[in-house]
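So the structure is just underneath, and the comments pick up after that.
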Amino acid sequence: MSQPTAATGGDAAPATMRAVVVTRPGGLDALEIKDVPVPVRKPGWVRITVKAFGVNESEVTTRKGESDSEVTYPRVPGIEGVGIVDDADEDSGLRPGQQVATMMGGMGRSYDGAYAQYVTVPAGQVIPFETTLPWDVVGALPEMFQTAYGSLTRGLDLKAGQTLLIRGGTSTVGLSAAAIAKDLGATVISTTRSLDRSGELRAAGVDHPLVDNGTLADQVRELFPDGVDAALELVGCSALPDTLRTVRRHGTVCFTGALAGQWTIPDFSPFMIPGGVRLTSYDGQAADLPADVLAHQLQAIAEGRLNVPVAKAYHGLEQVRDAQADLESGTTPGKHVVVLND
């Protein structure tokens with residue numbers, strides 16, 4: 001496995017680069033490798049030499065043409081990436097050769113993303129770090145950890161000693177949230193739809209794996225009669241009413257994802273929320289994963305205290321189609337990561 005290196009910057013970038021481009025919505029064949037101009041860095045932006053990127057459902061949606069109107073074509077997908085700084089403003093605090101992560105903020109949607117040898121992003125969504133962990137591990141982290149950490153802190157304000165339910169626990173965000181919550185000192189209950197996958201939850205540090213048959217409230221209340229302190233909803237609105245019933249009075253449910261595909265509740269009534277239970281949502285950005293928090297998590301991974309759910313590492317842009325196909329199949333749990341060969 002290749003490892004991050006503090007490569008020296010300053011060399012002029014080439015005029016062209018290889019990138020995966022979606023020119024029109026379609027199947028896997030819509031992911032075309034093309035030679036395109038290296039993006040020109042605008043003031044206040046940073047150009048990054050991409051070393052690895054995670055493959056996400058959002059990019060599958062973009063490829064299929066199922067995204068909202070923010071996405072236009074042709075488009076280089078990729079809502080996250082890690083690499084080294086190629087060029088930045090002198091007053092940005094970033095230097096050529098520095099290891100960085102970036103994610104979200106319209107990346108791969110309203111402007112070109114990380115499925116390429118270079119990407120340019122606003123400086124405000126660049127997180128510097130230092131690690132000797134391999135790129136396939138680091139490449140799995142940005143969006144996954146930002147979503148999990150932001151949901152637990154900004155969304156739920158989770159504290160040590162509290163109880164947390166994660167609904168959708170075998171997703172990459174669910175597995176990451178379990179590991180981070182345990183590191184924060186919480187007791188974690190997490191769900192899977194298959195008893196065979198309970199071991200994955202225990203490996204992530206889950207204290208109480210539960211099989212989700214659509215109604216969890218009774219199972220959770222058997223463990224914690226007054227309800228849990230916090231619940232992270234990743235399955236979606238179809239599960240939300242039941243999830244709300246698992247939480248104690250003055251506890252909080254944070255709606256972050258919709259793995260089941262339902263983002264809205266027809267004819268929603270506020271009275272579906274149990275009295276005293278709080279409902280919020282999380283849709284954060286790179287700033288919700290501060291550099292010191294990322295550094296702590298990288299150290300925890302290096303010391304073996306935090307597990308990264310990597311499904312498979314792919315090498316080169318030529319394997320992006322394979323990565324998206326494997327992600328869609330859902331047969332291998334964890335994050336699919338593409339590493340760009342030097």
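One-based numbering along the sequence shown. This structure is a prediction, so every number in the text was calculated from the model and none was measured.
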Establish whether [X] and [Y] are linked, either directly or via other cluster members, by ILVMFWY side-chain heavy-atom contacts under 4.5 Å.
X      : Y      : result
Leu156 : Val206 : yes
Val36  : Tyr118 : yes
Val50  : Val22  : yes
Val60  : Val20  : yes
Val235 : Ile166 : no

Just by distance, with hydrogens left out, do [X] and [Y] show a side-chain donor and acceptor under 3.5 Å apart?
X      : Y      : result
Arg154 : Ser151 : no
Thr61  : Ser67  : no
Gln299 : Glu303 : yes
Ser269 : Asp267 : no
Asn56  : Glu59  : yes
Asp183 : His296 : yes
Glu32  : Thr23  : yes

Is there side-chain contact between [X] and [Y], with at least one heavy-atom pair below 4.5 Å?
X      : Y      : result
Leu279 : Leu240 : yes
Leu340 : Leu317 : yes
Thr120 : Ile48  : no
Arg193 : Val211 : no
Leu164 : Leu152 : yes
Phe145 : Ile301 : yes
Ile84  : Val100 : no
Val277 : Thr252 : no

Atom pair [atom1]/[atom2] of [X] and [Y] - distance to nearest 0.5 Å:
X      : Y      : atom1 : atom2 : result
Gln297 : Ile180 : CD    : CD1   : 4.5 Å
Trp45  : Asp87  : CH2   : CG    : 14.0 Å
Leu94  : Ile127 : CG    : CD1   : 11.0 Å
Ile79  : Tyr115 : CD1   : OH    : 8.5 Å
Thr192 : Glu200 : OG1   : CD    : 7.0 Å
Asp86  : Thr49  : CG    : OG1   : 4.0 Å

Note: Arg321-Asp29 ion pair, threshold 4.0 Å (strictly below):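 Salt bridge flag = no for Asp29 with Arg321.
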
Short N-O contact, Glu57 and Lys64, less than 4.0 angstrom: no

ring-ring contact (aromatic ring centres under 6.0 Å, His included) partners for Tyr282, two or more places apart: none

Looking at every non-hydrogen atom in both residues, tell me the closest pair between [X] and [Y] and how far apart they are.
X      : Y      : result
Phe224 : Val228 : CD1-CG1, 4.2 Å
Gly105 : Gln285 : N-OE1, 2.8 Å
Met17  : Pro39  : CE-CD, 3.6 Å
Pro142 : Leu289 : O-CD2, 4.2 Å
Leu28  : Ala325 : CD1-CB, 3.7 Å
Gly78  : Met107 : O-CG, 3.3 Å

Within a 6.0 Å radius of atom [atom1] on [X], are there more than 12 heavy atoms belonging to other residues, nucleotides or ligands?
X      : atom1 : result
Asp218 : CG    : no
Arg249 : CZ    : no
Glu130 : CD    : no

So, [X] side chain and [Y] main chain: donor-acceptor pair closer than 3.5 Å or not?
X      : Y      : value
Arg278 : His250 : yes
Thr191 : Gly168 : yes
Glu80  : Glu143 : yes
Asp326 : Ala323 : no
Gln319 : His315 : yes
Asp229 : Thr163 : yes
Glu233 : Cys254 : no
Arg75  : Arg109 : yes
Gln125 : Met104 : yes
Arg221 : Asp226 : yes

side-chain contact (heavy atoms from CB on, under 4.5 Å) assessment of Tyr73 paired with Val21: CA-CA 9 Å; Tyr73 302 92; Val21 183; over 6 Å; no

Derivation of the side-chain contact (heavy atoms from CB on, under 4.5 Å) call for Arg245 and Thr215: CA-CA 10 Å; Arg245 291 191 290 271; Thr215 54; 5.7 Å; no

Test log, rule side-chain contact (heavy atoms from CB on, under 4.5 Å), inputs Arg197 and Leu201: CA-CA 7 Å; Arg197 301 189 68 178; Leu201 298 179; over 6 Å; no

Step-by-step ring-ring contact (aromatic ring centres under 6.0 Å, His included) determination, Trp135 to Phe53: CA-CA 9 Å; Trp135 286 118; Phe53 53 84; over 10 Å; no

Worked check of side-chain contact (heavy atoms from CB on, under 4.5 Å) between Ile273 and Phe268: CA-CA 10 Å; Ile273 304 174; Phe268 171 80; 4.3 Å; yes

Residue from Lys42, Arg95, Arg41, Arg47 passing salt bridge (charged side-chain N to carboxylate O under 4.0 Å, His left out) with Asp89: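 Option passing the salt bridge (charged side-chain N to carboxylate O under 4.0 Å, His left out) with Asp89: Arg41.
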
Plane angle bin for Tyr314 and His336 - parallel if under 30°, tilted between 30 and 60°, otherwise perpendicular: tilted

Inter- and intrachain pairs under side chain to side chain donor-acceptor pair (under 3.5 Å), touching residues 166-181, at least two apart: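 Residue pairs with at least one partner in residues 166-181: Arg167-Asp212, Arg167-Asp242, Arg167-Thr243.
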
